Number of protein chains: 2
Amino acid sequence: MANSKLYKGSLNTIILKLLDEQGKMYGYEITQKVKALTKGELKITEGALYPALHKLEAEGLLEVEVAKVDNRLRKYYKLTEQGEKETVNRLAELEDFIRSMQQLVNPKWSIS
Amino acid sequence: MANSKLYKGSLNTIILKLLDEQGKMYGYEITQKVKALTKGELKITEGALYPALHKLEAEGLLEVEVAKVDNRLRKYYKLTEQGEKETVNRLAELEDFIRSMQQLVNPKWSIS
DNA sequence: TCTTATGCATAAGAAAATTATGTATATTAG
DNA sequence: CTAATATACATAATTTTCTTATGCATAAGA
């Protein structure tokens, strides 16, 4: 994997953002969605994802709903009310961060 | 600090990039430069910076030159030949990463 | 029938920060 | 004059957040 060491710290925000726009998602679905959106550039490993989901749930930002599809288990996660508020803050922070990174690595880029 | 948990993994590349364009810099100067470039958004802590510089030096990407200015010590770092090559690769990787993050958090943004 | 895909989970270890110190000199403000 | 801030380096303890390696189980495709 190319960017294996790069996205530390932003995984939680990515999860929140995806749930915010998709309504509800299950773990495996999240890994596939990220892979698709970034054209394979970013791959979320299960070892990172599941603990992250559990932690966000423990923090009260997510809630779970278990479903059984095709005899296989799925755990759908969605934002709680508190989760929606936090998503706004964390997304703003992440966007600022991305802007800052751009400023550092390539000041010629502009955002429109 | 706002983004304290966000820039993990990219510090090394930021250091390399700055040294690439500035020629040589010393540690404290790097912290100030990053603060200035990002308008205070990103603050590199000394606890992160100095070990990172030492590690990059140990990897053969940086070389040091000690100077005394105003009776105070300064350690100027600059890229080795190998460091310049690595900078190209790591910068490209970081730029890809930034693009991917944008794709995830704000697909409406475009880069020009 | 064997591999790949789907779907969850956790444990061990590594990487990369934060936080808290420590040392020392120079400058600025009260 | 003296206390606080800025400059300049460094490291140790701890925490956070990943990677890697497993493990279990069902479904689909070659």
Side-chain angles (χ1 to χ4, degrees), chain A residues 1-16 24-36 40 42-59 61-62 64-77 90 93-94 97 100-101, chain B residues 1-16 24-36 40 42-59 61-62 64-77 90 93-94 97 100-101:
Chain A
M1 198 188 325
N3 287 322
S4 56
K5 290 183 198 166
L6 285 171
Y7 62 85
K8 292 188 181 185
S10 35
L11 176 58
N12 286 335
T13 307
I14 290 173
I15 292 172
L16 295 174
K24 63 173 185 177
M25 298 180 86
Y26 55 100
Y28 186 77
E29 189 184 8
I30 293 175
T31 67
Q32 301 308 303
K33 187 77 179 176
V34 168
K35 209 193 289 181
L42 247 54
K43 288 174 190 167
I44 295 188
T45 62
E46 298 155 294
L49 177 67
Y50 292 114
L53 287 171
H54 300 159
K55 199 185 167 208
L56 288 170
E57 189 194 351
E59 285 169 357
L61 304 183
L62 301 186
V64 186
E65 179 199 326
V66 180
K68 200 152 193 175
V69 179
D70 282 333
N71 210 33
R72 265 197 246 94
L73 194 73
R74 275 187 194 174
K75 288 195 174 177
Y76 280 98
Y77 289 89
R90 298 206 193 181
E93 234 178 58
L94 184 53
F97 166 71
S100 295
M101 290 298 289
Chain B
M1 197 188 328
N3 286 322
S4 55
K5 290 184 199 165
L6 287 171
Y7 62 86
K8 294 186 182 186
S10 34
L11 177 57
N12 286 336
T13 307
I14 290 172
I15 292 172
L16 293 174
K24 62 174 187 176
M25 299 181 85
Y26 55 100
Y28 186 77
E29 189 185 7
I30 293 174
T31 66
Q32 302 308 302
K33 186 76 180 176
V34 168
K35 208 194 290 181
L42 246 54
K43 287 173 189 167
I44 295 187
T45 60
E46 297 155 294
L49 177 67
Y50 292 114
L53 287 172
H54 299 159
K55 200 186 166 206
L56 288 170
E57 188 195 351
E59 286 168 356
L61 304 182
L62 302 186
V64 188
E65 179 199 326
V66 181
K68 201 153 195 175
V69 179
D70 282 334
N71 208 34
R72 266 198 244 93
L73 194 73
R74 274 187 194 173
K75 288 195 174 178
Y76 280 98
Y77 289 90
R90 299 206 193 182
E93 232 178 61
L94 183 53
F97 167 71
S100 295
M101 290 297 289

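Just so we're clear, the structure is a prediction, and the values are computed from it rather than from any experiment.
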Pairwise side-chain contact, A/L94 with B/M101, heavy-atom cut-off 4.5 Å (strictly under):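 Contact flag for A/L94/B/M101 side chains = yes.
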Close side-chain approach of A/R74 to A/K68, heavy-atom, < 4.5 Å: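 Sidechains of A/K68 and A/R74: no contact.
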Of B/Y26 and B/G47, the one whose closest DNA chain D nucleotide lies more 5':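 Its nucleotide being nearer the 5' end, the pick is B/Y26.
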So, is [X] close to the [N] phosphate, meaning a side-chain N or O under 4.0 Å from OP1 or OP2?
| X | N | answer |
| --- | --- | --- |
| B/K43 | C/dT18 | no |
| B/Y50 | D/dA10 | no |
| A/K55 | D/dT17 | yes |

Integer-rounded Å distance: [N] [atom2] and [X] [atom1]:
| X | N | atom1 | atom2 | result |
| --- | --- | --- | --- | --- |
| A/L53 | C/dA9 | CG | P | 8 Å |
| B/L73 | C/dT25 | CG | C1' | 11 Å |
| A/M25 | C/dG7 | CE | C1' | 14 Å |
| A/L42 | D/dC18 | CG | C1' | 13 Å |
| A/E59 | D/dT17 | CD | C1' | 13 Å |
| A/L11 | D/dT19 | CG | P | 8 Å |
| B/I15 | C/dA16 | CD1 | C1' | 12 Å |
| A/L49 | D/dA21 | CG | P | 19 Å |

Tabulate atom names and distances for all N/O pairs under 3.5 angstrom spanning the protein and nucleotides 27-30 of chain D.
unit_1: D/dA27; atom_1: OP1; unit_2: A/D70; atom_2: O; d: 3.3
unit_1: D/dA27; atom_1: OP1; unit_2: A/N71; atom_2: ND2; d: 3.4
unit_1: D/dA27; atom_1: O4'; unit_2: A/R72; atom_2: NH2; d: 2.8

Test side-chain hydrogen bond (donor to acceptor under 3.5 Å, both in side chains) applied to A/Y77 - qualifying residues, sequence neighbours left out: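 Not a single residue meets the side-chain hydrogen bond (donor to acceptor under 3.5 Å, both in side chains) criterion with A/Y77.
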Touch class at under 4.0 angstrom, heavy-atom based, for B/K68 against every strand present: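 Here B/K68 touches no strand at all.
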Out of D/dC18, C/dC8, D/dC9, whichever nucleotide has its closest atom nearest the side chain of A/K75: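 Selected nucleotide (nearest to the side chain): C/dC8.
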Among D/dA8, C/dT19, D/dT7, the nucleotide that comes nearest once only the side chain of B/Q32 is considered: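 The nucleotide sitting nearest to the side chain is D/dT7.
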DNA chain C: 5'-proximal contact among A/H54 and B/E46 (nearest heavy atom):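 Whichever sits nearer the 5' end wins; that is A/H54.
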Rounded distance (nearest 0.5 Å) linking atom CG of B/L53 with atom CG of B/L61: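 The CG atom of B/L53 sits 11.5 Å away from the CG atom of B/L61.
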Partners meeting ring-ring contact (aromatic ring centres under 6.0 Å, His included) with B/Y28 (sequence neighbours left out):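 Partners of B/Y28 by the ring-ring contact (aromatic ring centres under 6.0 Å, His included) criterion come out as none, since no residue qualifies.
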Nearest non-hydrogen partners of B/T13 and B/R90, listed with the distance: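 Looking at all heavy atoms of both residues, the shortest contact is CG2-O, 3.6 Å.
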Any strand: nucleotide that pairs with D/dA30 via Watson-Crick or wobble, under 3.5 Å: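 Checking every strand shown, D/dA30 finds its partner in C/dT1, with both distances under 3.5 Å.
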Short side-chain to backbone donor-acceptor contact, A/E29 and A/Y26, under 3.5 Å: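 Answer holds: yes.
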